[in-house]
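Remarks on the structure that follows.
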Protein chains: 2
Amino acid sequence: MTRSTKERLLEAGLGMLLQHGYNDLGIQALLEKTQTPKGSFYHHFKSKEDFALQVIDRYMVDVHKGLDLSLGNSSLPPLDRVRRFFELSRDKYRDEGYLGCLLGGVGQELSGVSEVFRRKIETCFNAIAERVAECLEEARQRGDLPPDRDPRKLANLLVDCWEGAALRSRLRGAPDPLDAMLDFYFSAAAR
Amino acid sequence: MTRSTKERLLEAGLGMLLQHGYNDLGIQALLEKTQTPKGSFYHHFKSKEDFALQVIDRYMVDVHKGLDLSLGNSSLPPLDRVRRFFELSRDKYRDEGYLGCLLGGVGQELSGVSEVFRRKIETCFNAIAERVAECLEEARQRGDLPPDRDPRKLANLLVDCWEGAALRSRLRGAPDPLDAMLDFYFSAAAR
DNA sequence: TGAAGAATAGACCGGTCGGTCTGCACGGAG
DNA sequence: CTCCGTGCAGACCGACCGGTCTATTCTTCA
């Protein structure tokens with residue numbers, strides 16, 4: 001039971017944070033949704049901020065799992081592995097009702113107001129880009145990418161554009177912007 | 001004086017909305033900053049939501065001014081005009097301390113919770129993309145763009161990626177992601 | 001069995017939120 | 001001059017916010 005309550009809170013928090021954002025997410029509402037008394041919440045988390053940061057950590061666990069799954073698939077050429085990761089993310093967004101990316105949402109909302117969150121989100125993006133970059137470097141060495149391209153810049157670019165497309169797909173409730181972005185990026189990067 | 005108070009509120013609101021987002025923007029704080037009593041605020045705006053929507057309208061006036069300025073400059077080739085617009089935006093972001101784009105910020109924060117804002121922001125993006133698309137169409141007809149490219153899709157793509165880069169530049173407090181994105185886009189789109 | 005700490009439980013708190021209400025100042029129209 | 005609409009002014013309101021506190025229950029292990 002120990003973990004279960006905390007886990008339940010984090011899980012529900014993930015969904016609610018995605019939909020409501022940070023400031024519009026009420027502790028009260030979270031507690032009602034998870035049938036948890038307030039005492040439990042503040043037993044497991046020292047504050048709302050602490051809670052949100054842990055939700056992000058949990059989100060990143062899933063992200064890294066997705067990265068393992070796609071980038072680790074060595075039966076695919078490296079460029080396809082990268083694309084695979086984002087297509088997986090797109091499918092996840094679909095299942096969630098196109099609410100976009102938690103990092104983008106929280107990042108936009110809080111980076112102007114909280115240094116803690118600003119740093120946190122930037123660190124998460126860097127971590128993702130770093131892993132993508134490794135795979136792009138492999139592609140470069142295979143000749144799938146022009147040798148003069150910097151894989152790290154290319155990876156950050158991809159992540160950034162992805163976040164923009166994710167916002168747009170959220171606004172539209174549709175995956176089109178995500179697919180269009182991937183098509184453009186991979187045809188342009190490879191040539 | 002009639003306009004002045006409302007104008008002052010909208011202007012301050014623009015900055016505060018950009019930094020704090022919607023939910024973290026307190027009416028109280030806005031009133032203190034602008035030395036305005038509460039009665040005046042609710043005389044001019046029927047609610048906080050109404051206020052924010054008008055702030056967005058005001059923001060869009062500036063955006064369209066920027067579009068007029070850049071896209072209307074017929075001494076430049078159309079592709080350069082488009083790039084010019086985004087470079088202008090980048091400079092504006094710099095002057096504001098790299099807080100990114102209001103549309104992106106508000107869009108991310110509220111689109112999961114308010115249909116009104118979701119639609120509003122999507123409409124704004126479409127308006128920008130539409131004007132960009134016109135210019136891209138001109139470029140296509142001149143042969144600066146491959147004839148099989150759809151200017152509208154290309155324009156939306158550009159706007160989307162820009163928003164992602166704007167978020168990242170906000171997280172970093174630096175323009176690099178914006179420039180990297182523009183470089184990539186224009187070299188890829190044109191070839 | 002019993003002591004101790006983890007976890008649950010929810011009443012309660014001060015502060016702040018968005019929003020309302022009433023009254024006053026002012027300026028042009030009759 | 002009065003009248004009336006517009007804008008300024010701020011006290012006030014109930015609701016809700018995140019967070020605290022104390023008490024109780026469960027779990028574990030000596």
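Remember, it's a predicted structure, so these values are computed and weren't measured experimentally. Each chain gets a letter, A, B and so on, in the order the sequences are listed, and its residues count up from 1.
- Here the C1' atom of nucleotide D:dG18 and the CG atom of B:Asp24 are 13 Å apart, to the nearest Å.
- At whole-Å resolution of the value, CG in B:Leu9 and C1' in D:dG7 are 12 Å apart.
- Closest to the B:Ser40 side chain, of the nucleotides D:dC8, C:dT8, C:dG18, is D:dC8.
- Dashed line: the shortest gap from a side-chain N or O of A:Thr5 to OP1 or OP2 of C:dT8 is under 4.0 Å.
- Side chains of A:Ser169 and A:Arg172: no donor on one and acceptor on the other come within 3.5 Å.
- Between B:Trp162 and B:Tyr93, the angle of the ring planes lies from 30° to 60°, which puts this pair in the tilted group.
- For A:Pro37, the listed nucleotide lying nearest its side chain is C:dA9; candidates were C:dA9, C:dG18, D:dC8.
- Spacing between atom CG of A:Leu31 and atom P of D:dG18 amounts to 9 Å, rounded to whole angstrom units.
- C:dT20 atom P lies 14 Å from atom NZ of B:Lys48, rounded to whole Å.
- Side-chain atoms of A:Glu130 and A:Asn126 form no donor-acceptor pair, as typed in the model, at a separation below 3.5 Å.
- Base contact: B:Gly39 has a heavy atom under 4.0 Å from a base atom.
- Below the 3.5 angstrom threshold, one finds a donor paired with an acceptor across the side chain of B:Lys38 and the base of C:dG19.
- At a threshold of 4.5 Å between non-hydrogen side-chain atoms, the residues A:Tyr22 and A:Val55 do not count as touching.
- A heavy-atom distance below 4.5 Å is not found between the side chains of A:Asp160 and B:Leu167.
- Between the C1' atom of C:dA7 and the NE2 atom of A:His43 lies a distance of 5 Å, rounded to the nearest Å.
- Using a 4.0 Å heavy-atom distance criterion, A:Ser47 is classed as a sugar-phosphate-only contact.
- D:dT20 atom P lies 7 Å from atom OH of A:Tyr42, rounded to whole Å.
- In this structure, the CD atom of B:Gln28 is 11 Å from the P atom of D:dA11, given to the nearest Å.
- Rounded to an integer number of Å, the gap from A:Phe45 CZ to D:dT20 C1' is 18 Å.
- Listed nucleotides: C:dT8, D:dT6, D:dG19. Nearest to the side chain of A:His44: C:dT8.
- As judged by a 4.0 angstrom heavy-atom cut-off over every strand, B:Leu25 is placed among residues touching the sugar-phosphate backbone only.
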